[in-house]
Number of protein chains: 2
Amino acid sequence: MTARKPADAAAGTQSGGREIPEATVARLPEYLRALTSLAEQGISVCSSEELAGAVNVNSAKLRKDLSYLGSYGTRGVGYDVDYLRYQIAREIGLTQDWPVAIVGIGNLGHALANYSGFGTRGFRVAALLDAAPERCEESVAGIPVRSFDDLDAVLAETPVAIGVIATPAEAAQGVADRLVAAGITSILNFAPTNLAVPAGVSVRKVDLSVELQILAYHEQRRAGAEELRGTAIAAAGEEQSA
Amino acid sequence: MTARKPADAAAGTQSGGREIPEATVARLPEYLRALTSLAEQGISVCSSEELAGAVNVNSAKLRKDLSYLGSYGTRGVGYDVDYLRYQIAREIGLTQDWPVAIVGIGNLGHALANYSGFGTRGFRVAALLDAAPERCEESVAGIPVRSFDDLDAVLAETPVAIGVIATPAEAAQGVADRLVAAGITSILNFAPTNLAVPAGVSVRKVDLSVELQILAYHEQRRAGAEELRGTAIAAAGEEQSA
DNA sequence: TAGATTGTTAATCGATTAACAATC
DNA sequence: TAGATTGTTAATCGATTAACAATC
């Protein structure tokens with residue numbers, strides 16, 4: 001290992017030190033879910049093979065992923081489910097509660113506000129905002145719908161860590177700009193737009209239509225391949241050379 | 001290039017031939033969207049640099065992605081927006097309409113059924129299904145909600161290419177099994193479960209809570225780094241050796 | 001012809017995975 | 001001690017990107 005800079009040394013065993021690859025970060029929540037499920041089944045110890053099976057990944061990949069967090073397993077035995085669960089939750093930051101604001105209380109925003117899985121682990125809907133709150137119900141899931149114009153006032157009352165954009169595509173960039181200006185550095189975007197944000201702001205995008213298009217591509221491909229198998233058989237007689 | 005097998009030769013210029021990397025497939029819908037936006041602005045030709053800028057990717061990556069489809073640009077000039085748009089749409093399979101069935105008409109299923117972006121390009125909500133349709137509104141977005149028990153009857157009336165699962169997590173695997181048994185080979189899963197499906201069935205997953213957890217990880221990391229900058233400065237005096 | 005931009009090559013980077021030494 | 005399983009190394013694979021020859 002090369003010489004550490006003071007910042008790295010200070011990071012030590014607590015969170016914040018090692019760089020965890022993005023691909024690994026994206027899988028940690030899956031491991032967490034699987035561990036929770038195991039714990040609910042009363043299973044207290046599991047091997048990398050078992051856990052990997054539950055998440056449908058290669059067990060070597062799982063062990064490598066976990067190795068970025070530290071050495072939380074026992075050779076010859078496996079992982080203590082509760083302990084590993086806590087370590088992953090700590091690494092992701094789920095030992096605290098993250099307040100979320102949803103912007104755009106249309107069909108989707110409504111569904112998101114009512115989504116129970118939200119509170120389940122580490123997240124809490126802290127505010128609902130809409131450009132035209134008078135067109136919405138007054139409150140959804142017990143949370144009042146406020147005007148997006150009052151963003152700063154709302155954030156002064158209730159701190160918010162993550163902004164969820166559930167507006168039409170046209171409004172999304174403007175909303176993002178205002179969220180960023182208000183100091184929010186994490187955005188989950190459901191609108192089909194590529195948001196431009198300054199460095200230091202994280203954006204994740206969920207895009208229904210992209211997912212459907214990817215499925216359509218593979219579906220078409222399968223249909224095409226089926227057709228071709230027929231053609232290939234028919235052509236086999238005429239075409240001799242490979 | 002090595003000798004082609006008959007199936008490859010038959011594929012020729014029509015869809016179905018070349019293997020397109022997954023990472024590229026996932027970006028094609030983004031390019032398509034950007035091209036549509038350019039077309040709406042009345043722009044008829046664009047360079048890889050311009051298109052890449054609109055999608056926020058490296059222009060070399062864009063050109064490499066497009067090269068998997070064929071040679072649809074003109075050196076020294078750029079790409080014809082409408083022509084490239086058509087070629088990508090054809091490659092993805094959006095020159096036809098894909099009928100979609102939504103299973104689980106709760107808050108989310110409701111929002112999905114009403115989602116206008118659905119029809120916009122290549123997709124059409126063909127059926128709505130719920131385990132307890134009597135608890136739902138009779139129809140949503142003009143489409144009747146049918147009992148999931150009648151799956152086979154519904155599919156006999158209306159062909160469906162893609163199944164969307166918007167049920168609670170506990171029900172998702174059972175629904176997937178029945179969809180697969182009914183011959184559906186593409187599934188978009190909104191339930192927080194890893195579905196087990198036979199080979200030859202495509203599953204994509206959209207998981208709100210995973211996305212939030214990834215954001216939380218980075219958010220926490222930023223907060224930690226900020227704290228550490230303070231610590232590092234404080235420690236700088238004591239710590240002399242690197 | 002001179003300028004512009006594609007399509008492709010080759011270098012680089014990051015992610016996956018098999019294999020195994022370390023160790024419970 | 002013998003068996004099991006982790007944590008890590010090193011090989012492999014796929015994706016990204018800079019650079020440039022081909023060519024409009």
Side-chain angles (χ1 to χ4, degrees), chain A residues 1-2 13 17-31 34-35 38 43-85 87-88 91 214 217-218, chain B residues 1-2 13 17-31 34-35 38 43-85 87-88 91 214 217-218:
Chain A
M1 185 165 277
T2 59
T13 47
R18 314 130 299 245
E19 201 57 52
I20 298 185
E22 265 309 300
T24 297
V25 170
R27 280 187 296 265
L28 291 179
E30 310 280 0
Y31 301 152
L35 286 166
L38 289 176
I43 295 167
S44 63
V45 173
C46 71
S47 68
S48 65
E49 201 69 50
E50 290 164 330
L51 184 52
V55 184
N56 244 317
V57 300
N58 181 299
S59 72
K61 178 159 40 175
L62 169 71
R63 288 197 300 278
K64 188 156 228 312
D65 283 344
L66 295 183
S67 77
Y68 291 112
L69 312 194
S71 273
Y72 298 131
T74 308
R75 287 164 135 109
V77 178
Y79 300 91
D80 181 283
V81 169
D82 281 330
Y83 181 58
L84 183 57
R85 191 153 70 114
Q87 291 301 340
I88 295 178
E91 188 70 38
I214 294 169
Y217 169 78
H218 291 293
Chain B
M1 186 164 280
T2 57
T13 47
R18 314 129 300 244
E19 201 57 52
I20 298 185
E22 265 310 299
T24 296
V25 169
R27 280 187 296 266
L28 291 179
E30 310 280 0
Y31 300 152
L35 286 166
L38 289 176
I43 296 167
S44 64
V45 174
C46 71
S47 68
S48 65
E49 201 69 50
E50 290 164 329
L51 184 53
V55 184
N56 244 316
V57 300
N58 181 298
S59 73
K61 176 156 46 174
L62 169 72
R63 288 198 299 279
K64 188 152 229 309
D65 283 343
L66 295 183
S67 77
Y68 291 111
L69 313 195
S71 273
Y72 297 131
T74 308
R75 288 162 134 108
V77 177
Y79 300 91
D80 181 282
V81 169
D82 281 330
Y83 182 59
L84 183 56
R85 193 151 71 114
Q87 291 301 341
I88 295 178
E91 188 70 38
I214 294 169
Y217 169 78
H218 291 292

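Below, all heavy atoms of this structure are taken into account, side chains as well, without hydrogens, waters or symmetry copies. A, B, ... follow the sequence lines: proteins, then strands. Residue 1 opens every chain.
- Where B:A60 and A:E22 each meet DNA chain C at their nearest nucleotide, the meeting point lying more 5' is that of B:A60.
- Counting to the nearest Å, the P atom of D:dA4 and the CD atom of A:E50 are 13 Å from each other.
- Atom CG of A:L51 is separated from atom P of D:dA4 by 20 Å (rounded to the nearest Å).
- Between D:dA4 and A:Y79, no contact under 4.0 Å exists linking OP1 or OP2 to a side-chain N or O.
- Looking only at side-chain heavy atoms (C-beta outward), B:I88 and B:E91 stay at 4.5 Å or farther from each other.
- Side-chain contact check for B:R85 versus B:Y79: every heavy-atom pair is 4.5 Å or farther apart.
- For D:dT5, the paired nucleotide is C:dA22, the pair qualifying as Watson-Crick or G-U wobble because both relevant distances are below 3.5 Å.
- Base pairing analysis places C:dC13 opposite D:dG14; the two distances defining the Watson-Crick or G-U wobble pair are each below 3.5 Å.
- Closest approach to the B:T74 side chain among D:dC24, D:dA10, D:dA15 is made by D:dC24 (side chain taken as heavy atoms from C-beta onward).
- Look at CZ on A:R27: it is 12 Å from C1' on C:dG14, rounded to the nearest Å.
- Considering only side-chain N and O atoms, B:R63 lies nowhere under 4.0 angstrom from the phosphate OP1 or OP2 of D:dA18.
- To the nearest 0.5 Å, atom OG1 of residue A:T24 and atom CG of residue A:L69 are 8.5 Å apart.
- For B:Y31 and C:dT6, the OH to P distance is 13 Å, given to the nearest whole Å.
- Between the NZ atom of A:K61 and the P atom of C:dA15 there is a distance of 11 Å, rounded to whole Å.
- Residue A:S48 places at least one side-chain N or O closer than 4.0 Å to OP1 or OP2 of D:dT6.
- For the atom pair CG (B:L62) and CG (B:L51), the distance works out to 5.0 Å, reported to the nearest 0.5 Å.
- Listed for the B:E30 side chain is no donor-acceptor partner under 3.5 Å among the backbone atoms of B:R27.
- For A:Y72 and C:dC24, the OH to C1' distance is 19 Å, given to the nearest whole Å.
- In this structure, A:L62 atom CG and C:dA15 atom P are separated by 16 Å, rounded to whole Å.
- Phosphate contact (OP1/OP2 of D:dC20, side-chain N/O of B:R75, threshold under 4.0 Å): absent.
- Atom NZ in A:K64 sits roughly 17 Å away from atom P in C:dC20 (whole-Å rounding).
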